[in-house]
Protein chains: 2
Amino acid sequence: MAVTIRDVARVAGVSTATVSRALNVPGKVDEVTRARVVAVADELGYRPNRAARGLITGRTGNLGLLVPDLANPFFPGLVKGVQSRALEADQQLFVVDTDEDAEAESELVRQLAKQADGLVLCSPRMRPAGLREAVSLAPTVLVNRALPRASSVTFDNRGGAAQLLNHLGGLGHRRIGFLGGPAGSWSAAQRLRGLREAAASHRVTLKELGPVAPTFEGGLGAARVVLQARVSAVVAFNDLVAVGLGQALADRGVDVPGELSVAGFDDIPMAGMLRPSLTTVAMPLHQAGREAVELMLAHLADPELGPQRREMPTTLRERGSTGPAPRPRRAARPDRTRPDRSRRSDDDE
Amino acid sequence: MAVTIRDVARVAGVSTATVSRALNVPGKVDEVTRARVVAVADELGYRPNRAARGLITGRTGNLGLLVPDLANPFFPGLVKGVQSRALEADQQLFVVDTDEDAEAESELVRQLAKQADGLVLCSPRMRPAGLREAVSLAPTVLVNRALPRASSVTFDNRGGAAQLLNHLGGLGHRRIGFLGGPAGSWSAAQRLRGLREAAASHRVTLKELGPVAPTFEGGLGAARVVLQARVSAVVAFNDLVAVGLGQALADRGVDVPGELSVAGFDDIPMAGMLRPSLTTVAMPLHQAGREAVELMLAHLADPELGPQRREMPTTLRERGSTGPAPRPRRAARPDRTRPDRSRRSDDDE
DNA sequence: ATGAAAGCGCTAACAA
DNA sequence: TTGTTAGCGCTTTCAT
């Protein structure tokens, strides 16, 4: 068996209660005794048994983190942020990937809640009722989603979208498409709103396209609808969609961004690995993750604390561009037969 | 407070011991009583307190998973596999991202081991001594790394490399470069070995290039050395490097794969999202993750069980290509829908 | 087949 | 400031 608090007590010549206090409530024990206890504990390599502690305190020392899909490059940054802060607070982290399954989410949350002191739910897909249950089960912080009377960390999607549109507007684009994400998506709504507001003050026409799945495939399948919309720039729901769209356009011989600009959200690492340049709205994922844990800890420390909200700032980024101008491909033959875009009716550039 | 075993016992009119048995050792209790107990437990919504159980059984019901970097697209598939099997076994999963820090790894493993019944260490960067300690702390399964007298799940890198070289050789390539990964890398060595053996029987000259960092940037910076090697095909250490190299070559106006073929390992999702086609050796990550947990559970069930080894088969895949040959650009015709090659590999469900 | 009781390792009253 | 004691929820002998 491992070394227990009794071993430490025996060797240090004190009671187990004193050991416990020395280690947990330093103020309530004589400095000399405390030092001795700590020394002994250290020497014996004592590590408290969290299960035993948890049995009496009701705390597990664990945090639960739920994400819809770890393979989505948006999430690892968040997970890392959450983890870094959790470890600092000496909390271990359960990570659950729900595979985008809104149904499964609820049950997983129930399981998690039982073993964790608090929950961080990232972009939860479940319906509000499910979220409410989660909140009732354990202190919960939502990330990338808001809910009345619940704590959350969100990103300034609206502001970011506005920045993006201002940028495009400044470049001379007058007809811009928004290739929307999934129907009920909260962030898609925010982004659209930001774009609309900015479009108004730029005399830009905003065309709503889609919605499409928030995936590479979603973007891949959207080339046609985008070309038909006769826009000079497209804002995709996120980078994954933007990348898919970019590929589909390239396959059709459309020069990106020469003929058509593509922008996205998230600033996923892949955005920097691609050639058609991509303007994207970056989210401070790591920080958001840390902030979420911070709120959790605050709730743990003070159960009476009301709902807290943090909105993280977003930043416009230019990714993957190799140079200033769109470079024609070398071996490319100049046969650009694209029925839709061949007649330029737009006031590009 | 939550509903405890005593509540169930009282309502069912039996002792707590019987409830415990009914729920855990169905054989040792009368079928009628068992049914009643289960019904009551169910109705009351009883959920065993794992801390209490753990206190007496010494089991936590948790598994620990350690990965070097979740943002590396290689790992999420593995994590998902591990998680899926862990949940089936009613084990919760601690996930720790070590940020490629070999030093931190050891301490994190120590912390993990205390709260988990077993450990799964993916591509651990730590030195053998550290691994030995881990193994001594808790039942441990290594993934993507082997260690004498330790259980592990590895991939058939050698066989995959051989397949790859056969493929390239069959295509007529006679000078092939290997852009190696980090110096001490176990998998890099395996891959090189497989390539060498196959090269011999194909009268192919294998040029060792690099090593480079196993990252996108690593590949990006290798264009020059690759071009100087005057090879007609390059096998990169992994897909990330391959993608970086592909971009760097494209920037220099080299036609991939027309003038130079690029291949990689891992079959990361991104491989399917890119245009210069990429031949890659796919690893059954999801399955490997599940297998790792399987081995863990076997060790848990029988502590006397000796070290187990599994080598997972690898498969050659063609990704991101739009056609068979270096493709002249095609004018956009009425929707020539590309076969959708970008879906995740079948083993990733 | 079932129950009584002990006790896992720890913390938190309550006493001293 | 420190020790004594009870008990968190559960499993597991040991009786019955």
Side-chain angles (χ1 to χ4, degrees), chain A residues 1-41 44-62 90 92 111 113-117 300-301, chain B residues 1-41 44-62 90-92 113-117 300-301:
Chain A
M1 259 304 152
V3 30
T4 78
I5 203 175
R6 298 179 59 164
D7 299 321
V8 178
R10 189 165 29 75
V11 175
V14 294
S15 73
T16 61
T18 300
V19 175
S20 176
R21 280 187 287 247
L23 267 26
N24 302 315
V25 224
K28 278 196 152 341
V29 74
D30 186 87
E31 177 50 31
V32 181
T33 354
R34 200 197 62 81
R36 181 155 37 95
V37 169
V38 170
V40 171
L44 264 46
Y46 168 73
R47 300 254 187 166
N49 179 324
R50 293 184 102 129
R53 176 185 290 172
L55 198 48
I56 189 161
T57 60
R59 290 251 186 126
T60 61
N62 303 328
D90 200 27
Q92 301 264 16
Q111 284 186 36
K114 199 76 170 70
Q115 328 280 2
D117 297 334
L300 251 31
Chain B
M1 257 305 150
V3 31
T4 77
I5 204 174
R6 297 180 58 165
D7 300 322
V8 179
R10 189 165 30 73
V11 175
V14 294
S15 72
T16 61
T18 301
V19 174
S20 177
R21 280 187 287 245
L23 265 28
N24 303 314
V25 224
K28 278 199 155 331
V29 73
D30 186 88
E31 177 50 30
V32 181
T33 353
R34 198 195 64 80
R36 183 156 36 96
V37 169
V38 169
V40 171
L44 264 44
Y46 168 73
R47 300 254 188 165
N49 179 322
R50 293 185 100 127
R53 174 184 291 173
L55 197 49
I56 188 161
T57 60
R59 290 251 186 125
T60 61
N62 303 329
D90 200 27
Q91 302 270 125
Q92 301 264 17
K114 198 77 170 77
Q115 327 280 2
D117 297 333
L300 251 32

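In what follows, chains carry the letters A, B, and so on, assigned in the order in which the sequence lines appear, proteins first and then strands, with residues in each chain numbered from 1. The structure presented is a predicted model; accordingly, all values stated were derived computationally and were not measured.
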On a heavy-atom basis, which atom in [X] and which in [Y] lie closest, and how many Å separate them?
| X | Y | answer |
| --- | --- | --- |
| A:Arg34 | A:Pro26 | CD-CB, 3.8 Å |
| A:Leu55 | B:Ala52 | CD1-CB, 3.5 Å |
| B:Ala9 | B:Ser15 | CB-C, 3.7 Å |
| B:Thr60 | B:Lys114 | CG2-O, 4.5 Å |
| B:Asn24 | B:Arg53 | OD1-NH2, 3.6 Å |
| B:Ile5 | B:Tyr46 | N-CE1, 3.5 Å |

Closest approach to the side chain of [X], judged atom by atom: which nucleotide of [options] is it?
| X | options | value |
| --- | --- | --- |
| B:Tyr46 | D:dT2, C:dG9, D:dC10 | D:dC10 |
| A:Thr57 | C:dA12, D:dG9, D:dT11 | C:dA12 |
| B:Ala52 | C:dG9, D:dT11, D:dG9 | D:dG9 |

N/O contacts under 3.5 Å, protein versus nucleotides 3-7 of chain D?
unit_1: D:dG3; atom_1: OP2; unit_2: A:Ser15; atom_2: N; d: 2.9
unit_1: D:dG3; atom_1: OP2; unit_2: A:Ser15; atom_2: OG; d: 3.2
unit_1: D:dG3; atom_1: OP2; unit_2: A:Thr18; atom_2: OG1; d: 2.6
unit_1: D:dG3; atom_1: N7; unit_2: A:Arg21; atom_2: NH2; d: 2.7
unit_1: D:dG3; atom_1: O6; unit_2: A:Arg21; atom_2: NH1; d: 3.1

Which of these, A:Val14, A:Val11, A:Thr33, sits in a side-chain contact (heavy atoms from CB on, under 4.5 Å) with A:Val19?
A:Val14

Against A:Val3, only a single residue in A:Val40, A:Leu44, A:Asn49 fulfils side-chain contact (heavy atoms from CB on, under 4.5 Å); can you say which?
A:Leu44

Specify the separation, in whole Å, of atom [atom1] of [X] and atom [atom2] of [N].
| X | N | atom1 | atom2 | result |
| --- | --- | --- | --- | --- |
| B:Lys28 | C:dG3 | NZ | P | 15 Å |
| A:Arg10 | D:dT2 | CZ | P | 20 Å |
| B:Asn24 | D:dT11 | CG | C1' | 8 Å |
| A:Asn49 | C:dT11 | CG | P | 9 Å |
| A:Arg59 | C:dG9 | CZ | P | 23 Å |
| B:Arg6 | D:dT11 | CZ | P | 14 Å |
| A:Leu55 | C:dC10 | CG | P | 12 Å |

In Å and rounded to the nearest 0.5 Å, what is the CZ to CD distance from B:Arg50 to A:Gln111?
8.0 Å

Compute the bend angle of the helix from C:dA1-D:dT16 to C:dA16-D:dT1 from the end axes (five pairs per end), rounded to 10°.
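Taking five pairs per end, the axes differ by 40°.
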
Can you check whether A:Thr33 has a side-chain N or O nearer than 4.0 Å to OP1 or OP2 of D:dT2?
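Affirmative; the distance criterion is met.
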
When you check the phosphate oxygens OP1 and OP2 of D:dT11, does a side-chain N or O of B:Arg53 lie under 4.0 Å from one of them?
yes

